[in-house]
Amino acid sequence: MSLKLTNSLTKKLETFRSLNPGEVSIYCCGVTVYDLCHLGHARSYIVWDVLRRFLISQGYKVTFIQNFTDIDDKILAKATKENSTMTQVSEKNIKEFHQDMDTLGILRPSRMPRATRCLDGIREMIQKLEEKGAAYSVDGDVYFAVMKHSEYGKLSGRDLSEQQLNADGRIDKEEGARKQHPFDFALWKAAKEGETSFSSPWGHGRPGWHIECSAMVLQELGETIDIHLGGSDLIFPHHENEIAQSEIANDKKLANYWLHNGMVNVGGQKMSKSLGNFTTIRSLLQEGISPMTLRLFILQAHYRKPLDFTKESIKAASTGWQRLNSALCLGLISHQKLKWPKPVTQQKTISDLNSYVSSERLSKASQQFKDALEDDLNTSIAISVLFDLARPLRSLANQIERGVSDLGAEKNNKELHLRWMLLVSLANILGLQPELPQGKESNQGHIYSESEIIEAIIERKAAKLSRDFAKADNIREELKDKGIELIDKKDGVTDWIRK
RNA sequence: GGCGGCAUGGCCAAGCGGUAAGGCAGAGGAUUGCAAAUCCUUUAUCCCCAGUUCGAAUCUGGGUGCCGCCUCCA
């Protein structure tokens, strides 16, 4: 089998073939940097991170370009409101963006162009479009003439003649009068008095939104790329317009594969800034939801379908993640007890799967995992393979926790070790990385010191020995209130963890 | 009005013509003084109607309901 992806351009599942063997060029639409990212952004970038990780695991050299839109009305509005500048607002939010994405374990793009740093390319492309008669200027604005692109509408399935124009009456009247066709869109917008602007052959102004992506793709990757990514809400008009501009300017197909992710919904409605029903990544993390929980939550659904966000579904993902994680952590925590080779710290790279596959059962799991991802990134199935692999490992982790001395026969142990290695490396393709439990030493902010806890444990043990269970339970409860959980192990030792 | 998507157990969610993955929650059992964790077992005929087929959640037609895009948007 080989990788199959649903191409928005053809609306079909297609076998993926890259332009250059062994190499993949990807452009992913990034964010407008005027605020923090929400869960919807997280979904998009996590899903595409998995695509990228999977391609890498299959031996491709992936060039992944993602832009920052740092010229925009909303950024300007924010700058005015905060009495700062467009650059300051952008810089701040780019920093925040990186913080969130790094926390979620999203691989950094190969390069991240910004509109402000791509102005030459933008101006050149607009000029080219003018030369080809596909653009016209009116009072310092420059518009793209959609009628010049015979294939206009091929991505979004729209027929210009059948569209109900100005469906919601939101087209600006003045602007409408300047346009030759209501669907024409701005390539360059003349600056109003006192606005932040950039010079151009058409006077001072700012680039339109769509042109930056066309210019960046050309600048960073060339005329035709393998894969273009984005949210399904970008299909029209953004990607449609991008295609029109690039394909007229370059006389080449812009991208062979267009992939779009589904939206995150809240109560059946799209999560968005304008509806105000969004939850930022930052706030979820601050609530104590782990980054990997978010990943699991997002990857349990297929990337093209809408995904409903509720507290309950996040809670379910959180419990699921804790269990999966206990298996993932096993070899990191207990390799000495198990006499396993010391693991190579955290696996930063995406390793070759085959090196861990020895037994038939493991190789089958590995194959199932690969088949699932090759089938239009069926992460849901891939996760079920992970849970299957994890089951015996969790059991083992539990035995160790309880202080069971006999850790099974040697051959079993070896198989379990390989199983663990396979689990870790497959999980890594989904970007699911072990989160080691908080160390006992990291106790800032806690009221109980370690010695106090040990004292309490000794006291409780004495109570238990004298069969004063009420007292023993009281001590347990008291500690629990302070976030310390006691675990009685098989060998009579009581362990504790901070929650 | 145009284009597109979705409807599967209490919840989330796979399934792409061969007799319903997985996760969460629940139930029963094992273990435990209790608790936590773990292990085992267990819970569906797929929105409705009609058709194609030996066989359909999966294909076709018709309903119903929800959602997205047509404005900025991951």
Side-chain angles (χ1 to χ4, degrees), chain A residues 8 11 13 28-32 34 37-48 69 72-74 153 156-172 183 209 229-238 240 260-265 268-275 278 296-297 300-302 304-310 312-324 326 368 372 375-376 378-388 391-392 394-399 401-402 464 467-470 472-473 476-477 480 485-490 495 497:
Chain A
S8 305
K11 304 181 178 56
L13 194 62
C28 178
C29 277
V31 287
T32 302
Y34 71 101
C37 288
H38 59 62
L39 192 59
H41 300 107
R43 180 179 196 192
S44 191
Y45 300 127
I46 284 173
V47 157
W48 304 136
T69 298
D72 174 82
D73 285 345
K74 286 180 190 143
S156 57
R158 263 154 242 261
D159 182 338
L160 286 177
S161 62
E162 285 176 14
Q163 292 295 299
Q164 188 179 21
L165 300 169
N166 192 17
D168 288 327
R170 278 178 287 203
I171 291 176
D172 181 78
F183 272 21
W209 175 37
L229 306 171
S232 61
D233 54 351
L234 298 183
I235 292 173
F236 190 90
H238 184 55
E240 195 67 67
H260 292 98
N261 64 277
M263 301 290 102
V264 171
N265 287 172
Q269 272 194 314
K270 175 182 162 185
M271 178 180 285
S272 72
K273 291 269 168 164
S274 44
L275 284 169
F278 62 92
L296 189 67
F297 167 69
Q300 272 183 324
H302 186 86
R304 303 182 65 241
K305 282 199 177 180
L307 172 60
D308 219 54
F309 166 73
T310 61
E312 291 70 34
S313 53
I314 288 284
K315 176 74 175 46
S318 173
T319 312
W321 169 246
Q322 276 173 34
R323 301 202 174 142
L324 195 55
S326 69
Q368 279 177 338
D375 184 15
D376 203 20
N378 193 331
T379 50
S380 186
I381 298 276
I383 285 169
S384 76
V385 173
L386 257 35
F387 273 96
D388 281 345
R391 197 160 295 122
R394 282 159 60 196
S395 179
L396 182 58
N398 183 245
Q399 285 181 356
E401 178 93 336
R402 295 172 66 167
K464 277 167 70 176
R467 304 196 69 78
D468 184 354
F469 295 123
D473 287 346
R476 178 196 284 289
E477 283 303 310
K480 198 176 177 184
E485 192 167 340
L486 300 184
I487 299 155
D488 291 337
K489 300 210 281 189
K490 198 92 176 171
D495 203 354
I497 48 170

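We name chains A, B, ... by the order of the sequence lines, and we start the count at 1 in each one.
In this structure, B:U64 and B:A7 make a Watson-Crick or G-U wobble pair, each of the two defining distances being under 3.5 angstrom.
Among the heavy atoms of the strands lying under 4.0 Å from A:Tyr45 are primed sugar atoms or P, OP1, OP2 only; no base atom is included. Residue contacts shown for A:Lys315 are absent, as no nucleic acid heavy atom lies under 4.0 Å away. Heavy atoms of A:Arg43 sit nowhere under 4.0 angstrom from any nucleic acid atom. Residue-level contact check: A:Gly40 touches the bases, meaning some heavy atom is under 4.0 Å from a base atom. Among the heavy atoms of the strands, none lies under 4.0 Å from A:Lys273.
Between the P atoms of B:C46 and B:A20, the separation comes to 12 Å (whole Å).
Rounded to an integer number of Å, the gap from A:Arg391 CZ to B:G23 P is 5 Å.
One cannot find a donor-acceptor pair under 3.5 Å joining the base of B:A37 and the side-chain atoms of A:Ser326. Looking at A:Lys74, its side chain comes within 3.5 Å of the base of B:C72 through a donor and an acceptor atom. Residue side chain A:Asn378 does not reach the base of B:G15 through any donor-acceptor N/O pair under 3.5 Å, judged by distance alone.
Residue A:Ser44 has its side chain nearest to B:A74 when only B:G15, B:A74, B:G33 are considered.
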Item to complete: Would you check, one step at a time, whether the test side chain to side chain contact (heavy atoms under 4.5 Å, CB included) holds for A:Arg158 with A:Glu240?
Response: CA-CA 10 Å; A:Arg158 263 154 242 261; A:Glu240 195 67 67; 5.6 Å; no
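Proximity of A:Thr69 to A:Lys74: side-chain heavy atoms (C-beta onward) are nowhere separated by under 4.5 Å.
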